[in-house]
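Below is one structure, written out as structure tokens, with a few remarks after it.
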Amino acid sequence: MAEAGADTVLEGLNAAQREAVLTGSSHNLVLAGAGTGKTTTIVARLRHQLRQGVSPERLLAITFTRRAAAEIRSRVQAEIGVGGAQEGVAAMTFHGWAMRHVRNNPDVFGYEGWSVLDAEDQAQVMRGVVGRGKRVEGLKADQIVDVLSFARNTRITLAEAIRVKHPDQTIDAKAVGAIVRAFEERKRERQYLNYDDILMIFAERLKDPAVAAWVGSHYEEILVDEMQDTNPLQWLLIDPLVPHTRFYCVGDDAQSIYGFRGADFASIHSFRDRVPGARVLKLEDNYRSTQEILDLSNWLLDQSPLGYDKHLRAVRGSGAKPELHSFETPQDEAGWIAAEMMRARDDGQPWATHLILVRSNYSGRAIEARLVENDIPYVFYGGVKLLESAHVRDVLSALRVVSNPDDEIAWMRLLTLLPRVGDRTAARVFDDVLDARGAGLSAREARERALKGLPGWLAAGLDAIEEASARVDDAVGRAASMLTPVLAHKYRNDNWDARSRDLSHVERLAASRPSISAFIEEYLLSPVFTSELSQDRSDGDHVIVSTVHSAKGLERDWAFCAGVSAGAYPSARSLGDVDSIEEERRVLYVALTRARDRLIVTRTFAHTPVRAWVSTSAGLGFVEDAYFLGALPEALVREEVHTAARLPKPVSPPGAGVGGPREIDLGVDLGDLE
DNA sequence: AGCCATGGTATTTTT
DNA sequence: TACCATGGCT
């Protein structure tokens with residue numbers, strides 16, 4: 001019986017994958033190139049352990065996103081088949097994992113009743129400290145938040161982080177440090193935790209060997225996905241547990257794209273030093289793409305001064321050449337992508353065949369607009385997250401002030417929804433709440449006193465929410481109906497219908513959650529995208545639009561890599577720093593390696609060389625052409641230049657072209673127009 | 001003068 | 001979703 005089980009676990013795996021699944025070493029690092037069956041191997045490893053009799057709650061998979069966690073859970077569950085009634089394997093993010101321990105063991109960690117802040121709220125707190133619209137040493141509140149987070153995630157000093165993030169400014173780190181101290185003090189007063197605090201609290205307690213032994217004793221094995229994106233702060237959660245449990249880490253240095261968050265792919269190279277006795281295994285056969293797609297991807301890495309020593313080989317063999325399409329404007333580009341998918345649709349190809357990869361949320365918006373226009377169903381990974389959208393935050397602010405009356409950020413948001421109430425008035429009301437609380441009044445009494453001058457429905461509505469708070473979906477429903485009149489006005493010109501639908505989604509998600517704060521926390525630590533929710537009632541056949549960063553693990557028959565223009569790859573902002581440029585190269589590499597059969601690279605103008613000074617460890621060097629596709633050998637792609645067939649338009653004055661002056665070389669390639 | 005509402009602009013990547 | 005400028009109101 002056990003034998004039969006093992007056979008099912010290993011079915012369809014190649015020799016290297018089997019080796020990786022069966023390894024008996026206590027710590028392992030699996031170096032898995034793009035498309036080599038990374039998730040398959042992780043799932044098989046988990047199933048293997050379950051077959052060996054390990055109980056599921058003693059296994060933990062740390063992933064990057066809610067989606068990756070859900071996929072692992074469901075695949076383990078599905079393939080386990082019989083006995084599926086058992087509790088599934090835990091799969092969650094570093095933050096979700098740390099927070100679970102902190103929440104479940106207040107006596108060990110000492111943080112009871114603290115609320116988690118997302119990036120936006122955190123910036124709001126910092127703005128309060130810095131002063132609205134003000135700067136400290138030339139840095140805006142958001143920039144200080146960023147630099148502080150970078151320092152904490154990389155475990156370097158604030159002064160060093162400032163130098164790294166703002167190399168060309170002279171900044172007095174002491175002045176910034178004073179602001180940071182005030183910021184931390186404010187968070188402590190209000191009992192707020194940000195993302196980094198969660199990891200720090202856990203890491204600090206793990207320094208106690210008894211705590212480390214206790215945490216480690218929960219797990220037979222901890223699997224870490226996307227190991228190359230693990231930063232020094234996250235390593236502080238791993239290191240102390242190494243003696244107490246097994247680690248099974250999976251990653252690919254060529255796909256490291258979170259350097260901006262402190263990840264250093266070199267820590268993968270030094271894995272064996274950090275985790276003594278670890279075994280390193282490699283998966284090198286690519287099952288995803290055709291050789292032509294891998295040839296282009298390999299070429300890109302070969303151009304790098306860093307030796308990746310990586311040449312993916314396609315098990316599937318040969319296919320069509322990747323395509324490179326150039327357009328005059330982003331609108332033309334988006335329009336063509338939509339048209340190309342619709343043409344395929346007419347030939348019977350499902351929408352789900354397609355993946356569109358974009359560099360930024362912002363650039364995805366143009367594509368999104370085209371899909372909406374053409375009624376093409378899509379989900380945007382990396383678009384607006386449900387709990388980050390303005391209307392959802394509005395409603396949640398009402399829940400938050402009930403759940404935690406000292407939540408300043410939530411009070412400010414809620415109060416400024418009211419007509420004739422701005423920052424000043426809201427701040428006064430919040431002060432009244434604090435005063436009343438300080439005088440020993442209950443939350444309800446404090447509200448009654450502080451909200452005197454405001455419309456009566458507010459205090460009454462908050463009371464109703466409080467009464468319903470045992471059923472979180474009910475509380476959400478009451479908050480939404482209380483605020484509907486003001487929200488309908490606030491968003492009257494801004495898609496109120498769709499926003500209103502989102503609020504019902506929130507209500508549905510809140511059902512059976514234990515508390516308001518637990519509900520909010522869950523979706524802050526592993527977010528869902530609004531477009532995921534609006535799509536899930538359809539038959540599931542939809543295009544995926546994704547930022548490259550959110551596209552980890554994704555693959556589709558066709559992949560459109562959009563906006564691969566000069567000045568974008570590498571992004572103009574990364575010029576001047578060789579590490580950032582190389583990270584950009586890996587971003588493009590991740591994008592290219594998503595395609596199974598057809599890789600379509602699109603860009604918006606003919607190439608002009610991007611010249612850059614780059615500082616390297618060897619000194620300052622001049623790069624004549626930093627654009628990754630600048631020296632692309634013709635043989636690797638099939639190139640096509642599209643010029644819009646438009647009615648004649650008035651001639652624009654010289655220099656008034658879209659995006660400023662460019663040398664657009666249109667002369668030679670336009671032969672097909674004649 | 002203080003406060004609030006509104007419209008136009010620009011935007012790297014995420015837990 | 002800021003940020004900024006502008007304009008109206010108290």
Side-chain angles (χ1 to χ4, degrees), chain A residues 62-69 92-99 116-124 126-127 132-135 140-143 145-146 149-150 152-153 193-199 226 229-231 233-234 256-263 357-366 381-385 387-391 393-394 413 415-428 489-494 521-529 546-552 563 567-575 580 583-584 586-588 590-591 659:
Chain A
I62 294 178
T63 59
F64 240 63
T65 61
R66 171 186 292 276
R67 216 170 46 249
M92 55 188 98
T93 62
F94 270 109
H95 293 84
W97 174 51
M99 202 62 201
V116 174
L117 292 185
D118 69 2
E120 200 41 64
D121 285 344
Q122 195 192 176
Q124 204 68 38
M126 185 63 91
R127 254 172 244 135
R132 261 175 66 87
K134 296 232 165 53
R135 290 169 184 245
K140 288 185 283 191
D142 306 35
Q143 294 176 301
V145 166
D146 277 354
S149 181
F150 186 73
R152 298 183 80 190
N153 278 282
L193 299 177
N194 64 16
Y195 290 118
D196 304 335
D197 292 329
I198 294 170
L199 300 187
E226 309 290 2
D229 292 322
T230 303
N231 66 35
L233 176 53
Q234 291 163 332
S256 167
I257 55 176
Y258 280 85
F260 69 92
R261 202 172 80 175
L357 293 150
V358 294
R359 178 70 182 81
S360 66
N361 284 300
Y362 179 65
S363 60
R365 301 292 300 226
Y381 294 166
V384 186
K385 286 163 200 123
L387 265 53
E388 281 177 8
S389 57
H391 49 296
R393 301 175 78 90
D394 291 337
R413 180 153 199 129
L415 293 167
T416 49
L417 287 174
L418 302 175
R420 312 289 311 141
V421 176
D423 283 352
R424 292 309 178 119
T425 313
R428 268 199 301 275
H489 177 256
K490 179 179 178 186
Y491 300 110
R492 64 194 178 285
N493 296 324
D494 201 2
E521 194 167 294
E522 179 189 341
Y523 283 89
L524 285 186
L525 296 185
S526 27
V528 285
F529 301 109
S546 177
T547 61
V548 183
H549 283 82
S550 296
K552 291 257 166 134
Y569 284 96
S571 127
R573 307 176 68 120
S574 72
L575 296 178
S580 318
E583 176 146 311
E584 298 273 306
R586 295 189 295 268
V587 170
L588 182 54
V590 170

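Below, chains carry the letters A, B, ... as their sequence lines are ordered, and counting in each starts from 1.
To the nearest angstrom, P of dT15(B) lies 16 Å from CG of Leu233(A). A straight line from CD of Gln143(A) to C1' of dT13(B) spans 16 Å, rounded to a whole angstrom. Rounded to whole Å, atom P of dT1(C) lies 8 Å from atom CG of Asp394(A). Residue Phe150(A) contributes atom CZ, which lies 13 Å from atom C1' of dT13(B) at whole-angstrom precision. In this entry the distance linking CD1 of Ile198(A) with C1' of dT14(B) reads 14 Å, nearest Å. Atom C1' of nucleotide dT15(B) and atom CG of Asp146(A) are separated by 13 Å, given to the nearest angstrom. The interatomic distance linking Met126(A) (CE) with dC3(C) (C1') rounds to 18 Å, in whole Å. Here dA10(B) presents its C1' atom at 13 Å from CZ of Arg365(A), a figure rounded to the nearest Å.
Heavy atoms of Ser149(A) sit nowhere under 4.0 angstrom from any nucleic acid atom. Within 4.0 Å (heavy atoms only), Tyr258(A) reaches sugar-phosphate atoms of the nucleic acid but no base atom. Counting non-hydrogen atoms under 4.0 angstrom, Ser571(A) reaches nothing in the nucleic acid. In this structure, Val587(A) reaches neither bases nor backbone, as no heavy-atom distance under 4.0 Å exists between it and the strands shown. Within 4.0 Å of Lys385(A), counting heavy atoms only, lie sugar-phosphate atoms of the nucleic acid but no base atom. Within 4.0 Å of Ser526(A), counting heavy atoms only, lies no atom of the nucleic acid at all. Contacts of Arg393(A) with the nucleic acid, taken as non-hydrogen atoms under 4.0 Å apart, are absent. Counting any heavy atom pair closer than 4.0 Å across all strands shown, Glu388(A) reaches sugar-phosphate atoms only and no base atom. Here Asp423(A) lies in heavy-atom contact (under 4.0 Å) with sugar-phosphate atoms only. Note on Ala123(A): nothing from the nucleic acid sits closer than 4.0 angstrom, heavy atoms only.
Residue Tyr362(A) has its side chain nearest to dT11(B) when only dT11(B), dA2(C), dT15(B) are considered. Comparing atom distances between the Asp142(A) side chain and each of dC3(B), dT1(C), dC3(C) picks out dC3(C) as nearest. Nearest to the side-chain atoms of His549(A) among the listed nucleotides dT6(B), dC4(B), dT13(B) stands dT13(B). Nearest to the side-chain atoms of Arg424(A) among the listed nucleotides dT15(B), dT1(C), dC4(B) stands dC4(B). Distance from the side chain of Arg492(A) is smallest for dT6(B) among the nucleotides dT13(B), dT6(B), dT15(B). Candidate nucleotides dT13(B), dT1(C), dC3(B) were compared by shortest atom distance to the side chain of Ser360(A), and dT13(B) ranks first.
The structure places NZ of Lys490(A) at 7.0 Å from OG1 of Thr416(A), a figure rounded to the nearest 0.5 Å. Glu226(A) contributes atom CD, which lies 9.0 Å from atom OG1 of Thr63(A) (distance to the nearest 0.5 angstrom). Note that the CD atom of Glu388(A) and the OH atom of Tyr523(A) stand 15.0 Å from one another [nearest 0.5 Å]. Between atom CZ of residue Arg127(A) and atom CG of residue Asp423(A) there is a gap of 10.5 Å, rounded to the nearest 0.5 Å.
Remark: the backbone N or O of Ser526(A) is paired with a side-chain donor or acceptor of Arg66(A) at under 3.5 angstrom. At distances below 3.5 Å, at least one donor-acceptor pair connects side-chain atoms of His549(A) with backbone N or O atoms of Ile257(A).
Residue Thr416(A) has no polar side-chain atom (N or O) positioned under 4.0 Å from OP1 or OP2 of dC4(B). The side chain of Ser550(A) contributes no N or O atom lying less than 4.0 Å from OP1 or OP2 of dT13(B). Phosphate proximity of dC4(B) to Thr425(A): present, with a side-chain N or O under 4.0 Å from OP1 or OP2. Arg132(A) has no side-chain polar atom (N or O) that falls below the 4.0 Å cut-off from OP1 or OP2 of dA2(C). A close approach under 4.0 Å does not occur between any side-chain nitrogen or oxygen of Lys140(A) and OP1 or OP2 of dA2(C).
Comparing Arg135(A) and Tyr491(A) against DNA chain C, the residue whose closest nucleotide sits nearer the 5' end is Tyr491(A). Comparing His95(A) and Arg420(A) along DNA chain B, the residue whose closest nucleotide (by nearest heavy atom) sits nearer the 5' end is Arg420(A).
Stacking between Tyr195(A) and dT15(B) is present: the aromatic ring centre lies within less than 5.5 angstrom of the base six-membered ring centre, and the two planes differ by under 30 degrees. In this structure, Phe64(A) does not count as stacked on the base of dT15(B) under the 5.5 Å centre distance and 30° plane angle limits.
A salt bridge does not link Asp121(A) to Arg413(A): none of the charged nitrogens lies less than 4.0 Å from a carboxylate oxygen.
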